[in-house]
K.L.:
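Please see the structure below; I have some questions.
What you are looking at is a predicted structure, and each value in this text was computed from that prediction instead of being measured.
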Amino acid sequence: MSHLFRRVSKNLSSFPTRSLSSRRSNFSTATPPYLLLGSDIVGDSPCGGKLVNFNLYDPKTQKHVKIENQTLTKELNESKWIGSSRGWLASMNKNDSTVHLSNPSKKKTISLPPLTRDKFEHLVNVSVSSSDCCVVAVKFYGSRVSLCRLGDSEWTRVDVPCPSFHSSTVIYSERDERFYLNNCNPDYTGPTDFTPTSNPGLLTPVSGYMRFPFSNFLEEMPEQEEETCLSRFKIQQQLVQSSSGQSFIVCWFVERFTDRGEAAPWGDTSYNNNNKEGLCKKTHKIMVFRQDEEQRLGPHTDDIGDLCIFLGDNEAFCLSAKDYPGLNPNSVYFGGHGSGFGICDLATRTISYLSDSPPPSGRMFWIPPSSA
C-alpha cells in the first residue's frame with residue numbers, strides 16, 4: 001500500500017522535491033497554521049492525565065514539527081479530536097460525550113455539556129464564532145446542527161432540510177455574523193433561515209448559504225471525466241470566506257484505487273465493505289468557484305491572489321501568504337479523507353503531496369491562527 005501511495009503521489013507532482021526534515025518546538029513559540037498529524041503518549045502526568053508529543057506539519061517551513069511533553073488532562077486523554085476552528089481544537093470525551101475546546105498556544109481549555117448523538121450519527125466538522133458571546137456549532141451528517149453558547153447547560157438542536165444539506169460543512173461568517181451551511185443543491189428553493197424560534201436567546205443565526213450556479217463546471221473537466229465524474233470521484237463542496245469577506249466554493253475531488261493500482265469508482269458499492277481495507281485514496285483535483293455577488297454567478301477561477309485556502313476535517317479557512325511568509329500564494333492546502341496531505345497550485349492546476357509516507361489514520365485537522 002505504501003509503495004502504491006508513493007508512486008501515485010510522485011506521478012501527480014510537478015513541484016520540486018520538498019525537504020521533510022523535522023524540528024522540535026513548543027506551542028508558546030510556534031505560529032499556526034499547522035496540520036495535526038497525531039500524538040504519542042510518552043508518560044503519565046502528575047494530574048492523572050498523560051504526557052504526549054504532538055506531531056505537526058508546518059506548511060510555512062515545509063517541516064515536521066514535534067511539540068514535546070504536553071500535558072493532557074484525564075478528560076482530554078479520554079477524548080477524541082472532532083474538529084478545529086479559529087485556533088481551537090475540539091474534542092469529545094469517549095465516556096460521557098462532553099465537548100472540550102483547547103487552545104494549545106494559550107494553554108486554555110473550555111468544557112461544554114455532553115453532546116448526545118445517535119450511535120450511527122457521524123460528525124462533519126466544528127465551527128466556533130468569533131463574537132464576544134462565543135457559540136460552538138457541530139454539524140452532523142444528516143439533518144441537524146447542534147449549537148452551544150459558553151455557559152449553556154445543554155446543546156440546542158437545529159434541524160435543517162435533508163438531503164440538500166446532508167453532507168454540508170458549517171462555517172462562521174465574520175462578515176455576516178452567522179453560521180452558514182453550504183447548500184450542495186443549486187436547485188434548492190426551501191427556507192434558508194434555520195435559527196430556532198423557540199430559543200430567542202441563541203444569539204448566532206444559522207442559515208443555508210445559497211451558492212450561485214457554477215457557470216462553467218463541466219467545461220473545465222476533460223470529456224472522459226465529465227461522463228464518469230459522479231461515480232469516479234467523491235466530490236466534497238466546502239464554503240470558505242476570507243477575512244475581507246470574499247466567498248468561495250471549493251470542490252475537492254478524491255478518487256480511489258485498489259492495491260493493484262486499479263480505479264475503484266465511488267459509485268461501485270462492491271468496494272464499500274469487503275475491499276475497503278485495500279483501497280488507496282488520492283486527491284485528483286481541486287476547483288475553486290468565486291461567488292460573484294454582483295453578477296450572481298459562481299465562475300471557476302485559477303486566481304485567488306495571495307490567498308491560501310486550507311481544507312481538511314477542520315472548518316475551512318483562508319490566509320494571506322503575505323501575512324505568513326513561506327506559504328504558497330494562490331494555492332489550496334489539503335489534508336484528510338484518507339488521501340494524505342498536500343498542496344494544489346491553482347495557476348498550474350498541479351497537485352503536490354507533502355509526504356511520501358502513507359497518510360495517517362484518522363481525521364486530519366489544520367490548526368488555524370486564532371484570528372483566522
Side-chain angles (χ1 to χ4, degrees), residues 27 30-37 56-60 81-90 101-106 123-131 134-139 145 168-182 204 209 211 236-252 283 286-291 301 304-337 341-346 354 363-372:
F27 279 121
T31 303
Y34 281 116
L35 181 65
L36 178 61
L37 298 176
L56 311 172
Y57 176 79
D58 183 352
K60 304 180 299 302
W81 301 117
I82 60 173
S84 64
S85 173
R86 304 181 188 279
W88 295 97
L89 269 169
L101 295 180
S102 304
N103 190 315
S105 61
K106 298 180 180 179
L123 284 87
V124 180
N125 76 312
V126 176
S127 177
V128 179
S129 74
S130 60
S131 59
C134 181
V135 176
V136 180
V138 178
K139 175 64 172 64
V145 183
S168 166
T169 55
V170 59
I171 74 162
Y172 177 76
S173 170
E174 290 193 48
R175 182 190 67 181
D176 301 331
E177 297 184 335
R178 66 180 55 239
F179 289 109
Y180 276 125
L181 305 179
N182 176 37
T204 307
Y209 183 82
R211 66 170 175 82
Q236 185 183 77
Q237 299 182 33
Q238 294 205 27
L239 169 66
V240 62
Q241 287 189 338
S242 69
S243 59
S244 62
Q246 297 182 77
S247 297
F248 305 94
I249 301 293
V250 186
C251 291
W252 184 1
T283 294
I286 291 176
M287 300 176 69
V288 178
F289 295 84
R290 187 185 303 274
Q291 298 297 282
T301 181
I304 58 173
D306 71 331
L307 292 178
C308 308
I309 296 174
F310 291 82
L311 302 180
D313 293 305
N314 49 276
E315 176 186 32
F317 61 93
C318 286
L319 294 177
S320 169
K322 294 179 181 178
D323 298 333
Y324 297 88
L327 293 181
N328 289 324
N330 197 37
S331 297
V332 178
Y333 290 84
F334 63 88
H337 294 284
F341 59 100
I343 179 174
C344 173
D345 183 284
L346 294 177
L354 300 175
R363 309 179 78 193
M364 302 179 72
F365 308 99
W366 292 100
I367 305 175
S370 297
S371 58

K.L.:
At what distance, to the nearest 0.5 angstrom, does OH of Tyr57 lie from CD1 of Ile367?
P.N.:
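With rounding to 0.5 Å, OH (Tyr57) is 14.5 Å from CD1 (Ile367).
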
K.L.:
Which atoms form the tightest heavy-atom contact between Pro369 and Pro32, and what is the distance?
P.N.:
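Looks like N-CB, 3.7 Å.
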
K.L.:
Suppose we screen for side chain to side chain contact (heavy atoms under 4.5 Å, CB included). Which residues come up paired with Asp323, at least two apart in sequence or across chains?
P.N.:
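Side chain to side chain contact (heavy atoms under 4.5 Å, CB included) list for Asp323, sorted by chain: Ser320.
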
K.L.:
Are the side chains of Ser173 and Tyr209 in contact, using a 4.5 Å heavy-atom criterion?
P.N.:
no

K.L.:
What residues, two or more places apart in sequence or in another chain, satisfy ring pair (Phe, Tyr, Trp, His ring centres under 6.0 Å) together with Phe248?
P.N.:
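Partners of Phe248 under the ring pair (Phe, Tyr, Trp, His ring centres under 6.0 Å) test: none.
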
K.L.:
Using only atom types and a distance under 3.5 Å, with no angle test, would you say the side chain of Arg86 pairs donor to acceptor with the backbone of Tyr172?
P.N.:
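Here the side-chain-to-backbone pair exists.
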
K.L.:
Looking at side-chain heavy atoms only, is the closest gap between Leu56 and Leu36 below 4.5 Å?
P.N.:
yes

K.L.:
For Arg178, give me all partners under side chain to side chain donor-acceptor pair (under 3.5 Å), at least two apart in sequence or on another chain.
P.N.:
Ser207

K.L.:
Are the side chains of Thr204 and Glu177 in touch, meaning some heavy atoms are under 4.5 Å apart?
P.N.:
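Not touching, per the 4.5 Å side-chain cut-off.
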
K.L.:
My understanding is that only residues two or more places apart in sequence, or in another chain, count here; which of them pass side chain to side chain contact (heavy atoms under 4.5 Å, CB included) with Thr301?
P.N.:
Val288, Arg290, Asp303, Ile304

K.L.:
Taking Asn314 for its side chain and Ser84 for its backbone only, find out whether a donor-acceptor pair lies under 3.5 Å.
P.N.:
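No.
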
K.L.:
Please report the shortest heavy-atom distance between Pro33 and Phe310, naming the atom on each side.
P.N.:
CG-CZ, 3.8 Å

K.L.:
Pick from Asn330, Leu327, Leu346, Asn328: which one makes a side chain to side chain contact (heavy atoms under 4.5 Å, CB included) with Cys308?
P.N.:
Leu327

K.L.:
Apply side chain to side chain contact (heavy atoms under 4.5 Å, CB included) to Thr169 and list each qualifying residue two or more places apart in sequence or on a separate chain.
P.N.:
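Result, side chain to side chain contact (heavy atoms under 4.5 Å, CB included) vs Thr169: Val124, Asn125, Gln238.
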
K.L.:
Are the side chains of Trp366 and Pro368 in contact, using a 4.5 Å heavy-atom criterion?
P.N.:
no

K.L.:
Do Thr283 and Trp252 meet the criterion of a side-chain donor-acceptor pair at a distance under 3.5 Å?
P.N.:
yes

K.L.:
If we only count heavy atoms from C-beta on, is the Gln246 to Cys318 side-chain gap below 4.5 Å?
P.N.:
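Sidechains of Cys318 and Gln246: no contact.
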
K.L.:
Listed by chain and number, what are the salt bridge (Lys or Arg N to Asp or Glu O under 4.0 Å) partners of Lys322, not counting sequence neighbours?
P.N.:
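By the salt bridge (Lys or Arg N to Asp or Glu O under 4.0 Å) rule, Lys322 matches no residue at all.
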
K.L.:
Going by heavy atoms in the side chains, are Ile171 and Val240 under 4.5 Å from each other?
P.N.:
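A side-chain contact is absent here, since even the closest heavy-atom pair is not under 4.5 Å.
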
K.L.:
State, to 0.1 Å, how close Val126 and Ala90 come at their nearest heavy-atom pair, and which atoms those are.
P.N.:
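Taking Val126 first and Ala90 second, the nearest heavy atoms are CG1-CB, 4.0 Å.
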
K.L.:
Excluding sequence neighbours, so at least two apart, what forms side chain to side chain contact (heavy atoms under 4.5 Å, CB included) with Ser102?
P.N.:
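Counting only residues at least two positions away or on another chain, Ser102 forms a side chain to side chain contact (heavy atoms under 4.5 Å, CB included) with Leu76, Thr109.
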
K.L.:
What are the two closest non-hydrogen atoms of Ser247 and Gln241, and how far apart are they?
P.N.:
OG-NE2, 2.9 Å

K.L.:
For the atom pair CG (Leu311) and SG (Cys251), what is the distance rounded to the nearest 0.5 Å?
P.N.:
10.5 Å

K.L.:
Rounded to the nearest 0.5 Å, how far does CG of Leu239 lie from CG of Leu181?
P.N.:
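That separation rounds to 9.5 Å.
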
K.L.:
Is the backbone N or O of Ile343 less than 3.5 Å from a side-chain atom of Ser331, with the two atoms forming a donor-acceptor pair by type?
P.N.:
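Not a single qualifying donor-acceptor pair exists.
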
K.L.:
Sequence neighbours left out, what passes side chain to side chain donor-acceptor pair (under 3.5 Å) with Trp88? Give chain and number order.
P.N.:
none

K.L.:
Might you point out which heavy atoms bring Phe341 and Leu37 nearest each other, and give the distance in Å?
P.N.:
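Reported closest heavy-atom pair: CE2-CD2, 3.8 Å.
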
K.L.:
State the CD-OG distance between Glu174 and Ser242, to the nearest 0.5 angstrom.
P.N.:
10.0 Å

K.L.:
For Ser127, which residues count as a side chain to side chain donor-acceptor pair (under 3.5 Å) partner, sequence neighbours excluded?
P.N.:
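For Ser127 the side chain to side chain donor-acceptor pair (under 3.5 Å) partners, ignoring immediate neighbours, are Glu315.
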
K.L.:
Could you give the distance from CG (Leu123) to CH2 (Trp81), rounded to the nearest 0.5 Å?
P.N.:
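It is 14.5 Å, given to the nearest 0.5 Å.
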
K.L.:
Applying side chain to side chain donor-acceptor pair (under 3.5 Å), can you list everything that pairs with Tyr333, at least two apart in sequence or on another chain?
P.N.:
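In terms of side chain to side chain donor-acceptor pair (under 3.5 Å), with neighbours along the sequence ignored, Tyr333 is linked to no residue.
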
